[in-house]
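Heads up, the thing below is written out as structure tokens.
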Number of protein chains: 2
Amino acid sequence: MEPTGKMNTPVTNSTHSNGNAAGVTEKEMVEGSKANQATIAYRLLKQDIINGAYQPGDKLLMSHLKSHYEIGAGPMREALSQLVADRLVTAISQRGFRVAEMSEEELTDIYDARAHLEALITGLAVERGDEDWEAEVLGEAHKLSRVNEVNTPEEMLQVWDRRHKSFHQAIVNGCGSPKLLEMRASLLDQAERYRQLWLKQTVFSQNALEEKRQEHAELVDALLNRDKAKATELMYGHILSPIPIIRKLLPQSIPAN
Amino acid sequence: MEPTGKMNTPVTNSTHSNGNAAGVTEKEMVEGSKANQATIAYRLLKQDIINGAYQPGDKLLMSHLKSHYEIGAGPMREALSQLVADRLVTAISQRGFRVAEMSEEELTDIYDARAHLEALITGLAVERGDEDWEAEVLGEAHKLSRVNEVNTPEEMLQVWDRRHKSFHQAIVNGCGSPKLLEMRASLLDQAERYRQLWLKQTVFSQNALEEKRQEHAELVDALLNRDKAKATELMYGHILSPIPIIRKLLPQSIPAN
DNA sequence: TTCTACAAAAATATCTACATTTTTTATTAT
DNA sequence: ATAATAAAAAATGTAGATATTTTTGTAGAA
């Protein structure tokens, strides 16, 4: 099956004019710049899978990947194995790689896990967050509430999504645990394809947007009042709320080629 | 620096006489057998890192890895990237791979995250576990309490560790969330090098062993009584308890070569 | 001397092109 | 239809080429 929709195209190693004026250490410079082929492939492919350029279950033919991304088989395999670890791709030895399937079962599990984890982390943030954390949360909440003066619907979607993510990120950043944040990030990546389905429904409905605004306001209120019980409960519900919408939109798994 | 201690040696593809008598589907057979080179490398290297065959910070020279595990650079890179995802290895582009450092900071973070997560999962298990779950927990608890009639100290260590792990696994299996279990497993892998330090101290001290027995008994009691609050609290404390011991044993990070 | 800057050499990491193995598809005979 | 076989496609692995980093050595300046 041919991939659908717009897809990433490899950039001929964006010269990335590393305006290295001064005050940048050797290490910082190097780490920021030239990634290896495997890393490039990983990023492009991950984006394309999340954005739906490939369908769940699609076979990821090495010949196609090589020519499309202009990357050799070795680095491409490296990228693919990483995506397997991320659960966005599945592999069977000697039979190659496929885009991970989506299912109602997985939807339920991911969101259940996310809700519990995000609630846990939020509770810790309430206990551990300092004034800077409060300020960040408030600031991001404000920016999110002001996503109106935007141009196209497409832009609206992207801006709202970006700020919504930042808002939640600001909240959880207070938890003080890098490991919990890593796990949360991983789960969020796994949820991303499902989230995309919900996003369109929500951002383009004044009703839904207003509802979210309300939830966020209550959340901020509980957070700043350091009401742990209320904050965790609100967060739990907030994360679970998209499930019914997504369930309706979930593509029926057609036995992919 | 030369790797220390006993280390895995590649097996010349264990012919693995696949006694495929009957009733085994094609798929089941294939998936169980021949893993590719990258997978083999991943398993061996992961074991060696966890078992301390390499020191934290050790450089993982491609030339050494290739010759020692008798695996080419391509598959080896694939394995290494996966270990980077597991946080057991770090990578810097064009400068290769190193065994991840260990630190008191990370110890604290991992155990904090583990304690919260295991408590969360235990709470869910109490709510969601069925009779089979109860039976499994009870059974594993019993087997763990009977780790006496063993031979060598080395065997004692291994048997106790294995059964202790199974006991905890039986508990969390009741939570009903594959994703939460995955995250827990990942965190457990990351904790493993720290746990090993604690294990020797515990298994070879009658005092410590008795204490653990006590904790486990209380835990089982709370679980079977479906006392969620008590079970989660006990579990939280149980997971955190090794920290002081490990902290003392933690090797001082010597700037590795 | 002692330090610094530079250049060359060596070591290392990474990638590519091709060889090999395995699976899948097509074809033919039963 | 079914099973066996051959051909094609695909996945995986290897060896060697290329690019990058690190080390070493040297000459000049302080």
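Chain identifiers are assigned alphabetically (A, B, ...) following the order of the sequence lines, protein sequences preceding nucleic acid strands; residue numbering begins at 1 within each chain.
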Let me know the distance between CD1 of A:Ile92 and P of D:dA10, rounded to the nearest Å. 17 Å

Whether the B:Glu78 and B:Gln82 side chains hold a donor-acceptor pair (N or O, under 3.5 Å, no angle test) is what I'd like checked. no

A:Ile40 CD1 to C:dT16 C1', straight-line distance once rounded to whole Å: 15 Å

To the nearest Å, how far apart are B:Glu78 CD and D:dA11 C1'? 11 Å

Nearest-Å distance, CG (B:Leu60) to P (C:dA13)? 9 Å

Starting at CD1 of A:Ile92, measure out to CZ of A:Arg95 and round the result to the nearest 0.5 Å. 6.0 Å

Any side-chain N or O of A:Gln94 less than 4.0 Å from the OP1 or OP2 oxygen of C:dT24? no

What is the distance from CD of A:Glu70 to P of C:dT16, rounded to the nearest Å? 11 Å

So which heavy atom on B:Ala191 is nearest to which on B:Arg114, and how close? CB-CD, 3.8 Å

Working to the nearest 0.5 Å, report the span between CD1 of B:Ile40 and CE of B:Met76. 10.5 Å

Once you apply a heavy-atom cut-off of 4.0 Å, does B:Leu61 come out as touching a base, just sugar-phosphate, or nothing? sugar-phosphate

Kindly point out which of D:dT22, D:dG13, C:dT16 is positioned nearest to the side chain of A:Gln37? C:dT16

Mind calculating the distance between CE (A:Met62) and P (C:dC18) to the nearest angstrom? 18 Å

Do the side chains of B:Leu107 and B:Met102 get nearer than 4.5 Å, heavy atoms only? no

Please determine, for the side chain of B:Phe97, which listed nucleotide (D:dT14, C:dT14, C:dT16) has the closest atom? C:dT14

D:dT20 C1' sits how many Å from A:Asn36 CG, rounded? 12 Å

Please check the phosphate of C:dA13 (OP1 and OP2 only) for any side-chain N or O of B:Lys59 closer than 4.0 Å. yes

Is B:Arg77 close enough to C:dT14 that one of its side-chain N or O atoms is under 4.0 Å from OP1 or OP2 there? yes

Separation of atom CD1 in B:Ile71 from atom C1' in D:dA15, rounded to whole Å: 16 Å

